[in-house]
Engineer: 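Following this message is one structure expressed as structure tokens.
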Amino acid sequence: MNEWYDAPVSLLHGVGEERAKAFAGLGIETVGELLEYFPSRYEDYRVRDLTEVKDGERVTLAGTVYGEPSVRFYGKRKSRISVKLVMDRVVVTAVWFNQTFVKSRLSPGKEILVTGKWDKHKLQITVSEMTETDSDRAQKRGELAPIYPLGGDVTHTLLRKTIQQALRQYGEQIPEILPTDIVSRYRLMPRPDAIRSIHFPQDAENGRQARRRIMFEELFLFQLKMQALRRIAREQTEGTALQIPMEELRTFVKSLPFPLTDAQKRVIKEILTDMRSPYAMNRLLQGDVGSGKTVVAAIALFAAVKAGFQGALMVPTEILAEQHVQSLTGLLSPHGIQVALLSGSLTAKRRREVIGALQMGLIDVVVGTHALIQEDVFFSKLGLVITDEQHRFGVEQRRILRNKGLTPDVLFMTATPIPRTLAISAFGDMDVSTIDQMPAGRKPIETTWKKHEQFHQVLEQMREELVKGRQAYVICPLIEESEKLDVQNAIDVHAQLSQVFPEYGVGLMHGRLPAKEKDAVMQAFLSGEYAVLVSTTVVEVGVNVPNATFMIIYDAERFGLAQLHQLRGRVGRGSEQSYCVLIADPKSEIGKERMRVMCETTDGFELSRRDLELRGPGDFFGTKQSGLPEFKVADLMSDFKALEVARQETAALVEKEEFWKNKEYVWLRSYLKREGILDGIVFD
Ligand code: ADP
Ligand code: MG
């Protein structure tokens, strides 16, 4: 990378302290960042043949002022100036509203450029911008002028001028960073040209090509990181080939309360193969809500422990941690496996005990929230890390573990069915296993959509289930856990339902309860003491109470489809018919469509596809768990083909020995270094 690229913008002629500060406000501090501050669109200032221009279109015209302008005042401080403009073959009228100051600039015989809305019938242009042809502006040059997302003290004129200055000073030195054969095979514009043309395209096609090149480059670099990670994980061969006692494992599987589905068997095979191989597993396990991922995790943990290693299960919430500890203890402790909880709710004393026991190897499986692998926690022999629901186990976590001398197998479980586009974007560095089958005997959850005014009817429907001894969730929306209003909402609904169902226990759960109380409430619901649980979305992921067959989701229009599906997945976990009622009065067409889609399908993959269509990839994972890369130019949806190409090319590239040695790739290697991908790794 050229040094000037990372140099401060004040290096440029004409940029002093003051301007450098203004640029910093846009996140531009270096020359490189300035050149890569791309325009979001272009304003078309090209002078066109009037016969081609449609009525109402924006157009730039060049002409000579003919005669004196006429000024008319009307209303309160309103004015209209008009003047004749002589062009090549026609005379048109140029009109300004409320801009009396232009009058002095409109002397007869003056050549001007005007940009504005064209009225084909009156042969008239309503001017929004004007320049005299001797001034230096994008409009004058008759260009496609770049329009940037701006704010603060930076004007378009300043930004354009400074970028031009940077291009003058350094344009010739912008390096090509992609391998030359890729540039030629995909007919990409060379980088120096692309950087110039994306800011100042010669014409629309030139701008498109520049954009295409930059888009490809972004996806290429992104996928290169992923593929390098994959290769590196494979290179790390020390001590992770587990010797799993298969006979004992088979006995364990037979002892489970149910036979595994074929899909479960298949993914377990894939996982075990990884664990027995000498490289670190990096696998994504996706399976719809209720497809039975927990037992797969239990089997993998069993295998790791019996091979002489420890296992860790990381989860996003305390509730889920507690629940997993319970179910894993139930499954594993009869086989002499010690399971412990390590979470924020422990007392300092208990926490010290657990950490000590982990370090001494007295605990085999530890379950907790993400702090689990951090700071003061050490393992005696960590062999397997599993993350359940929404935990991205990325570069940073691996680095922490590597620093502790650990390269465990990692399994990432998610119930958010990820469409392929997003899967290879967000998880392109991983192998993927999919549970595409539900345990036998499951009945699809019957979902209906009701208006708020029908709430009491819905409660009667709920009563029928309660009478049968079943349990119910009532979910109240929560946009942000700290939002008073929404917690209040759950509290109100709880008060209301306690009155409607005095004969049943009604529990209340929300994120603000102290951990102890959350635990007590959850226990009471699990044991059946509470027939009804009024809750915010804290029960969204993982919670498993098979006797719950009825769910009401209040203000359902506030949730995304993926989230509604997760919530709905809390019921239908046993063999009984379950029901989900969405209470919503959505205003928008999209909102209504979402409710209809929810009622139509219970297939998470289908839903996620529809969700993606309705919301776009940015919102897909929700803000909490995005993990998706942000691109300046590329778009994961529309540039899907390029993404696929980038993935294939980078996957092939990192396998080549030349990539790690040859001079041609030095920029890409230093990029990987800067991104922290090569931390602690020596390849050269
Ligand atoms: P998820 O994939 O959403 O995490 P869980 O692992 O919580 O799903 O499983 C949902 C329910 O299905 C649990 O009650 C679990 O005991 C049960 N289950 C899992 N696998 C099977 C199976 N093969 N046959 C019957 N029930 C199963
Ligand atoms: Mg689960």
Side-chain angles (χ1 to χ4, degrees), residues 249-250 252-271 283-302 313-317 319-332 334 339 365 367 386-391 411-418 432-445 470-471 473 522 525-528 537-549 551 562-578 580 602-605 607-608 625:
L249 190 74
R250 266 188 277 276
F252 172 61
V253 171
K254 273 197 202 115
S255 77
L256 293 171
F258 41 72
L260 296 176
T261 62
D262 288 342
Q264 282 169 323
K265 284 184 200 156
R266 179 169 35 81
V267 301
I268 287 165
K269 212 182 239 163
E270 289 164 355
I271 291 164
R283 187 171 285 278
L284 172 72
L285 171 61
Q286 54 174 345
D288 207 345
V289 183
S291 62
K293 293 183 293 295
T294 309
V295 69
V296 173
I299 291 168
L301 288 166
F302 181 95
L313 177 58
M314 308 203 327
V315 297
T317 65
I319 293 177
L320 199 48
E322 307 248 357
Q323 182 185 293
H324 274 315
V325 166
Q326 264 189 10
S327 54
L328 289 179
T329 305
L331 289 167
L332 299 175
V339 182
V365 173
V367 182
I386 303 180
T387 75
D388 189 19
E389 309 292 2
Q390 72 180 300
H391 260 140
L411 181 67
F412 176 90
M413 306 199 296
T414 179
T416 309
I418 306 161
V432 179
S433 290
T434 306
I435 306 183
D436 51 5
Q437 180 185 22
M438 285 290 177
R442 289 282 171 78
K443 300 186 178 74
I445 301 160
R470 312 256 182 276
Q471 289 164 278
Y473 293 95
M522 214 49 229
F525 189 57
L526 248 174
S527 70
T537 53
V538 290
V539 297
E540 176 180 339
V541 291
V543 169
N544 188 34
V545 181
N547 189 45
T549 55
M551 173 174 280
Q563 198 179 8
L564 286 174
H565 184 60
Q566 274 284 346
L567 285 166
R568 178 171 63 180
R570 297 315 107 214
V571 296
R573 299 177 82 80
S575 52
E576 299 300 328
Q577 177 62 53
S578 289
C580 176
T602 52
D603 176 341
F605 277 90
L607 269 171
S608 72
Q625 43 181 321

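Whatever order the structure lists them in is the order used to number ligands and atoms, beginning at 1.
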Engineer: Between N547 and E576, is any pair of side-chain heavy atoms under 4.5 Å apart?
Structural biologist: no
Engineer: Which ligand 1 atoms, with their elements, are less than 4.0 angstrom from a heavy-atom of T261?
Structural biologist: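 Going through ligand 1 atom by atom, the ones under 4.0 Å from T261 are 23 (N).
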Engineer: Mind checking whether I299 and L256 have side chains closer than 4.5 Å, heavy atoms only?
Structural biologist: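 In contact.
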Engineer: Does any part of the side chain of L526, heavy atoms only, come nearer than 4.5 Å to the side chain of V545, both counted from C-beta?
Structural biologist: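 Contact flag for V545/L526 side chains = yes.
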Engineer: Within ligand 1, which atoms have a heavy atom of P259 less than 4.0 Å away?
Structural biologist: 22 (C), 23 (N), 24 (N)
Engineer: Got a sec, which residues hit salt bridge (Lys or Arg N to Asp or Glu O under 4.0 Å) with R442, two or more places apart in sequence or on another chain?
Structural biologist: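 Applying salt bridge (Lys or Arg N to Asp or Glu O under 4.0 Å) to R442 gives none.
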Engineer: Given that the side chain starts at C-beta and the backbone is N, CA, C, O, which of these parts of N544 lies under 4.0 Å from ligand 1, counting heavy atoms, or is it both or neither?
Structural biologist: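 The side chain, only.
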Engineer: Number the atoms of ligand 1 from 1 as they appear, then name those within less than 4.0 Å of a heavy atom of L260, with their elements.
Structural biologist: 23 (N)
Engineer: For T294, counting its heavy atoms only, list the atoms of ligand 1 lying under 4.0 Å from any of them.
Structural biologist: 4 (O), 5 (P), 6 (O), 7 (O)
Engineer: Out of curiosity, is P257 lining ligand 1, as in a heavy atom under 4.0 Å away?
Structural biologist: no
Engineer: Closer than 4.0 Å to some heavy atom of V289 - which atoms of ligand 1 meet that?
Structural biologist: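 That gives atoms 3 (O) of ligand 1.
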Engineer: Report the part of M413 in contact with ligand 1, treating N, CA, C, O as backbone and CB onward as side chain, heavy atoms under 4.0 Å; options are side chain, backbone, both, neither.
Structural biologist: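 The answer is neither; M413 stays 4.0 Å or more away.
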Engineer: Could you check whether any side-chain heavy atom of V365 comes within less than 4.5 Å of a side-chain heavy atom of F302, counting everything from C-beta outward?
Structural biologist: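 V365 vs F302: side chains apart.
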Engineer: Which of the numbered atoms in ligand 1 are under 4.0 angstrom from any heavy atom belonging to R573?
Structural biologist: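 Answer for ligand 1: 1 (P), 3 (O), 5 (P), 7 (O), 8 (O), 9 (O), 10 (C).
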Engineer: Using heavy atoms and a threshold below 4.0 Å, how should the contact between R442 and ligand 1 be classified: side chain, backbone, both, or neither?
Structural biologist: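 Side chain only.
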Engineer: Report yes or no: does G290 have a heavy atom closer than 4.0 Å to ligand 1?
Structural biologist: yes
Engineer: Any side-chain heavy atom of Q566 within less than 4.5 Å of one from T537?
Structural biologist: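 Q566 does not reach T537 side chain to side chain.
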Engineer: For A263, is there any backbone N or O sitting under 3.5 Å from a side-chain donor or acceptor partner on Q437?
Structural biologist: yes
Engineer: Check side-chain contact (heavy atoms from CB on, under 4.5 Å) between S327 and all other residues, then give those that pass, not counting sequence neighbours.
Structural biologist: T294, H324
Engineer: Between G287 and ligand 1, does any nitrogen or oxygen pair lie at a separation below 3.5 Å?
Structural biologist: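 No, since none of the N or O atoms of G287 sits under 3.5 Å from an N or O of ligand 1.
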